[in-house]
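So that the names make sense, note that chain A is the first sequence line, chain B the second, and so on, each numbered from 1.
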Amino acid sequence: MEIPAKYQHTKAENKWYNYWLDNQFFHSTPDEREPYTIVIPPPNVTGVLHMGHMLNNTIQDVLARRARMEGKNVCWVPGTDHASIATEAKVVNKLREEGITKDQLTRESFMEHAWEWKEKHGGIILEQLKKLGASCDWERTRFTMDKELYDSVIKVFIDLYEKGLIYRGVRMVNWDPVAKTAVSDEEVIHKEEQSKLYYLRYQIEGEEDYITIATTRPETILGDTAVCVNPNDERFTKYAGKKCIVPLVNRAVPIIQDEYVDIEFGTGALKITPAHDENDYEIGMRHKLETIDIFNDNGTLSEAAELFVDKDRFEVRDLIIPELEKAGNLVKIEDYTNKVGYSERTDAVIEPKLSAQWFLKMSELAKPALEHVMNDDIKFHPAKFKNVYRHWMENIRDWCISRQLWWGQRIPVYYFDNGEYVVASSIDEALRKAEEKTGKTYTEADLCQDEDVLDTWFSSWLWPISVFNGINKPDNKDINYYYPTNDLITGPDIIFFWVARMIMAGFEYRKEIPFKNVYFTGIVRDSQRRKMSKQLGNSPDPLDLIKEYGADGVRVGILLSAPAGGDLLYEDSLVEQGRNFTTKIWNTFRLVKSWNAEDKSQPKYAATAVAWFEQKLAQEASKLNEQLKSYRISEALMTAYTLIRDDFSSWYLEAVKPPFGEAMDRTTYDASVNFLEQLMQLLHPFMPFVTEEVWQLLREREDGESLMVTTLPNYTNEDASLLEDIQVAQEVVTAIRTIRKDKNIGFKEELTLTVSHEIPCTEVIEKMGNISETTVTGEKPEQSIGFTVNNTSCYIPMTGAIDIEAERKKITEELDYTKGFLNSVTKKLSNERFVNNAPEKVVAIEQKKKADAEAKIAELEAQLKAL
RNA sequence: GGGCGAAUAGCUCAGUUGGUUCAGAGCACCUGGUUUACACCCAGGGGGUCGGGGGUUCGAAUCCCUCUUCGCCCA
């Protein structure tokens, strides 16, 4: 077969991915083998692939492919979540372009539009993952709104409600005025901002005296129902029990005292707006204050504000200041830095707002979830995230799970008779429960289902269970076999949103951990450490990268600089390195393939090289195994990288290469093909395509065979004797190459070597250094350049003149260094406290260092004398 | 304001219980090279007071204290 000089990655990627699919290699069904399960962190169904997904899914694929080659039954479940806020926003936008607003539609017809949108756009990201080589079991693809998963969510809501863990309450929530829904605490991102602190004076009722407050939100004064001071603040004791007048609206409100107020901050007097600030709300509760909600759901001012009605809250902030100034209430304005909460989904400024929502009590659920992470039943990689996790778990707050949206699981609560309600999985069940509850008879028309849906994370937290239908059918074959899953690969940014809650759900519904290991990836940034974002335009399109550098190249590029939990600074040079390595493998393959084997005796150098590489391969394979087992994925890749590039290509292949035009002996040839085959196996999880291509071309293969379903051999490195010997030989060869370079002697010119003692593997040294003869003698040859390796003097005789002074200088320098070293070792050994306290082993090492240094000094002195 | 983490070569990072010549890797850099697998390459090379200071120890990149700077989370 003709082997092309250049590896054609796109062709190979399409060919082999389809081949794997056709042969069902990704598909898993329970059997007697040990399972290895990963559930994908479901990407947002509205999303397209970005660099973060690339990193995350490459790691999952490495682990999945490796486990498959270890003989495990691997099941990697793909899927997407319904992303209620994001998807609903997209559907609303699309409808708007068609001239339709959401409130013109019924809930049912809106849902039809949403499903239509999902069918059209929802599969994109999963198709993109295939280009990366992801070995997911596509037959198991799940979506959080699929019937089984939808029903699971409803079942869990009802169950938790019945256990008394879900309650409805009027609370201060984070209101997103763009999405017009409540969001959870975790969905609020606090950003530091330059803003202003406004000092406003409120007149004391009936007096020509004023009390000055400081606020960052002057527009909210319209909702003020008190001014509060600290009871210990003597400046304000004279106002106790009095009232003051809220400017512009001229409402008299009490001046109250509460220790919450910080005497040092601002003026020491605080305006209280119970409807629009969490702390104010609590103070309001304590002092039984009136609550005036001055905002509409979309962030404009309501009738209750009296002024600026229907104007936006930020517009009002600008409008109200001149009015306050005109009225004589503005004292001063200062620059001020504060933190403002933004909606994670819409980037709107969050408005604290009182509203009735559904909450899940967290304290009991958190207990086992905390314990089993702290005791390492679930291991975090890197472990430093345990601290972050503990802190959150120990200060956990109830979870607001209702959202004022339509796209999602509708809350299974039915209201009737002015505020009575029942929780039921269907209207029929609701009717029955309602009748049981009151003894009356109802029709469907009497019942009204809650308009709201559940938070998307309330679906995602069940994911490792619900993808196997383990909520609806807790004893089915799949859940029993695949659960708990093995590894979860995710970003640290969703440790609370998702990881923590999955652990809680795992214990609540399976009495077991949902996964054994959590691997936190870093965040992909650009070379200036900025997060990749569409706005900045600093994120490359992953599919373009794959097209240009190949999927394998991109995978390698992204893994090379991605230690667990550490950010990845993306640059094109990384994927270039990946592409270059792909090419290197291809050329290595072409060289091996170009050799002709015939029956003849094996040269000694080849026999030594084969024996050495066998040991080297075993050593590096077990190192790689250790690295993967401890989730040092980029280090494992680097092990394979240097093994192939340096040890195999630069040393082994050069050592066994037959003289130009000659055939190779069959023993060496077979060994070389074997080695390359095994290297492809080791590398396959990282670079699935090029390794499969090489593996398929390396020998005749049957249809249906594939590298990806081969099993890794057990590497045992019982005889590592040659490893040190070759290392010495490599040092000698390097020294010879340096001399060639210094003296401008081309590789083709043969040299001879004289050594003071026998050195190992001279046949390899001769081959690699183009040495015609090695002589062992205590005599230094005339006209030669020397170097020392392993306490042996080596000389290369020269035809030209030798710079004696330069030689002397070189040796003297090395001698001085070694003497200095010997001195420090001797000092250490003559320190009684060291000899008495240090372990024997350490002392023995020092003694060996001493002996070695002395031998080397003797050798160097002999060299000097010989000059 | 509270908590957590980090600081090692120009860059990105390893460095496991303190002890092999431990100061490392990759990239970048410098020098040489038309060796018939590969210039997307090969060969050779330079480069760090392990953030500053103090302490424990026979011995500290590693443990303790402190300061500085940066990052993340929470309020």
Side-chain angles (χ1 to χ4, degrees), chain A residues 3 5-7 185-186 188-190 262 265 278-279 339 341 382 384-392 394-395 397 492-493 495-496 522-523 525 527 529 549-550 553 557 560-571 573-595 626-627 630 632 634-635 637-639 641-642 645 649-650 653-654 657 660-661 733-742 744 746-749 768 770 817-818 821 824-825 827-839 841-846 848-849 852-853:
Chain A
I3 307 285
K6 280 213 182 316
Y7 170 62
D185 295 335
E186 290 70 36
V188 180
I189 298 165
H190 294 273
D262 180 358
F265 183 80
E278 185 146 10
N279 296 312
K339 291 242 177 126
K384 66 180 177 186
F385 286 107
K386 279 168 76 174
N387 283 330
V388 182
Y389 181 85
R390 187 186 58 213
H391 188 256
W392 188 76
E394 286 174 349
N395 296 284
R397 294 155 54 144
D493 47 337
I495 183 169
F496 312 130
I523 290 166
R525 298 172 186 279
S527 52
R529 283 200 178 273
Y549 298 97
L560 272 178
S561 71
D567 288 353
L568 182 147
L569 273 61
Y570 176 82
E571 298 185 284
S573 68
L574 289 170
V575 286
E576 262 170 42
Q577 198 187 343
R579 186 233 7 225
N580 295 351
F581 185 48
T582 313
T583 309
K584 180 73 188 177
I585 290 163
W586 185 248
N587 285 313
T588 300
F589 160 67
R590 286 207 302 142
L591 175 64
V592 172
K593 201 67 189 167
S594 73
W595 288 332
E626 286 304 309
Q627 287 163 327
S630 49
R632 297 155 173 245
S634 52
E635 284 180 43
L637 171 58
M638 191 48 69
T639 298
Y641 181 90
T642 51
R645 202 189 57 174
S649 297
S650 295
L653 290 179
E654 292 300 332
K657 203 183 234 177
F660 183 65
V733 170
T734 299
I736 295 168
R737 284 172 176 166
T738 310
I739 290 170
R740 283 183 184 276
K741 193 188 170 202
D742 286 351
N744 253 323
F747 180 76
K748 283 183 174 163
E749 199 176 319
M768 298 292 281
N770 197 15
Y817 173 84
T818 313
F821 177 71
S824 76
V825 174
K827 219 162 148 189
K828 212 173 191 179
L829 281 169
S830 56
N831 182 338
E832 260 180 53
R833 282 187 294 183
F834 170 74
V835 180
N836 295 337
N837 293 324
K841 205 173 123 196
V842 175
V843 178
I845 287 162
E846 292 299 315
K848 179 165 189 310
K849 279 193 216 168
D852 284 349

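Considering CD1 of A:I189 and CG of A:D493, their distance stands at 9.5 Å, rounded to 0.5 Å. For the atom pair CH2 of A:W586 and CD1 of A:I3, the computed distance is 5.5 Å after rounding to the nearest 0.5 Å. For the atom pair CZ of A:R632 and CG of A:L637, the computed distance is 15.0 Å after rounding to the nearest 0.5 Å. A distance of 7.5 Å separates CZ in A:R740 from CD in A:E749, rounded to the nearest 0.5 Å. To the nearest 0.5 Å, atoms CD1 (A:I523) and CG (A:L568) are separated by 11.0 Å.
Judged by Watson-Crick or G-U wobble contacts below 3.5 Å, the nucleotide B:rG32 has B:rC42 as its partner. Checking B:rU17 for Watson-Crick or G-U wobble geometry (two distances, each under 3.5 Å) identifies no partner in any strand. Pair assignment for B:rG5 gives B:rC70, based on Watson-Crick or G-U wobble hydrogen-bonding distances that are each under 3.5 Å. Across all strands shown, B:rU56 has no partner, as no Watson-Crick or G-U wobble contact with both distances under 3.5 Å is found. Across every strand in view, B:rU12 sits in a pair with B:rA25 that passes the Watson-Crick or G-U test at under 3.5 angstrom.
Taking atom P on both nucleotides, B:rG5 is separated from B:rG44 by 43 Å, rounded to a whole Å. B:rG59 and B:rA23 are spaced 16 Å apart, taking the C1' atom of each and rounding to whole Å. When the P atom is compared between B:rG71 and B:rG33, the two are found 47 Å apart, to the nearest whole Å. Using C1' as the reference atom, B:rA7 and B:rU66 are 16 Å apart when rounded to the nearest Å. Comparing the same atom, C1', in B:rA9 and in B:rA14 gives a spacing of 13 Å after rounding to whole Å. Comparing the same atom, P, in B:rG32 and in B:rC73 gives a spacing of 50 Å after rounding to whole Å. Taking the C1' atom of each, B:rG55 and B:rU62 are spaced 15 Å apart, rounded to whole Å. Atom name C1', nucleotides B:rG48 and B:rU8: the rounded distance is 8 Å, in whole Å.
Dashed line: the shortest gap from a side-chain N or O of A:K657 to OP1 or OP2 of B:rU35 is not under 4.0 Å. OP1 or OP2 of B:rC42 lies within a sub-4.0 Å distance of a side-chain N or O belonging to A:K584. A close approach under 4.0 Å does occur between a side-chain nitrogen or oxygen of A:N387 and OP1 or OP2 of B:rG5. An OP1 or OP2 oxygen of B:rA43 is reached within less than 4.0 angstrom by no side-chain nitrogen or oxygen of A:T734.
Of the candidates B:rC40, B:rU20, B:rG5, B:rC40 carries the atom nearest the A:K6 side chain, counting heavy atoms from C-beta on. Relative to the side chain of A:T583, the nucleotides B:rC38, B:rC40, B:rA25 differ in distance, and B:rC40 lies closest.
Residue A:R579 is in base contact, counting any heavy-atom pair closer than 4.0 Å across all strands shown. Base contact: A:T588 has a heavy atom under 4.0 Å from a base atom. Within 4.0 Å of A:K339, counting heavy atoms only, lies at least one base atom of the nucleic acid. Residue contacts shown for A:S630 are absent, as no nucleic acid heavy atom lies under 4.0 Å away. A:K386 comes within 4.0 angstrom of no nucleic acid atom, judged by non-hydrogen atoms across all strands.
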Trace of the side-chain hydrogen bond (donor to acceptor under 3.5 Å, both in side chains) decision for A:Q577 with A:Y549:
CA-CA 9 Å; A:Q577 198 187 343; A:Y549 298 97; over 6 Å; no
Step by step, would you call A:Y7 with A:R590 a side chain to side chain contact (heavy atoms under 4.5 Å, CB included)?
CA-CA 10 Å; A:Y7 170 62; A:R590 286 207 302 142; over 6 Å; no
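A straight line from CZ of A:R397 to C1' of B:rC73 spans 14 Å, rounded to a whole angstrom. The separation between A:W586 atom CH2 and B:rC40 atom C1' is 15 Å, rounded to whole Å. Counting to the nearest Å, the P atom of B:rC40 and the CG atom of A:N580 are 8 Å from each other. Remark: P of B:rU36 and CH2 of A:W595 are 15 Å apart, rounded to the nearest angstrom. Atom-to-atom, NZ of A:K828 to C1' of B:rC58 comes out at 9 Å; the value is rounded to the nearest Å. In this structure, the NZ atom of A:K748 is 10 Å from the P atom of B:rU34, given to the nearest Å. Atom P of nucleotide B:rC40 and atom CZ of A:R590 are separated by 14 Å, given to the nearest angstrom. The distance from atom CZ of A:F747 to atom P of B:rG44 is 12 Å, rounded to the nearest whole Å.
Comparing A:R737 and A:R390 by the nucleotide of RNA chain B whose heavy atom lies nearest to each, the residue mapping closer to the 5' end is A:R390. For A:F660 and A:W392, each mapped to the nucleotide of RNA chain B holding its nearest heavy atom, the one lying further toward the 5' end belongs to A:F660.
Side chain of A:S650 to backbone of A:R645: a donor-acceptor contact under 3.5 angstrom is found. At distances below 3.5 Å, not a single donor-acceptor pair connects side-chain atoms of A:R579 with backbone N or O atoms of A:G553.
A donor-acceptor contact under 3.5 Å links the side chain of A:E654 to the base of B:rA37.
By the 30° and 60° cut-offs, the orientation of the rings of A:F496 relative to A:W392 is parallel.
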Close N/O contacts between protein and nucleotides 27-32 of chain B (under 3.5 Å):
residue: B:rC27; atom: OP1; partner: A:R645; partner atom: NH1; Å: 3.2
residue: B:rU31; atom: O2; partner: A:K741; partner atom: NZ; Å: 2.6

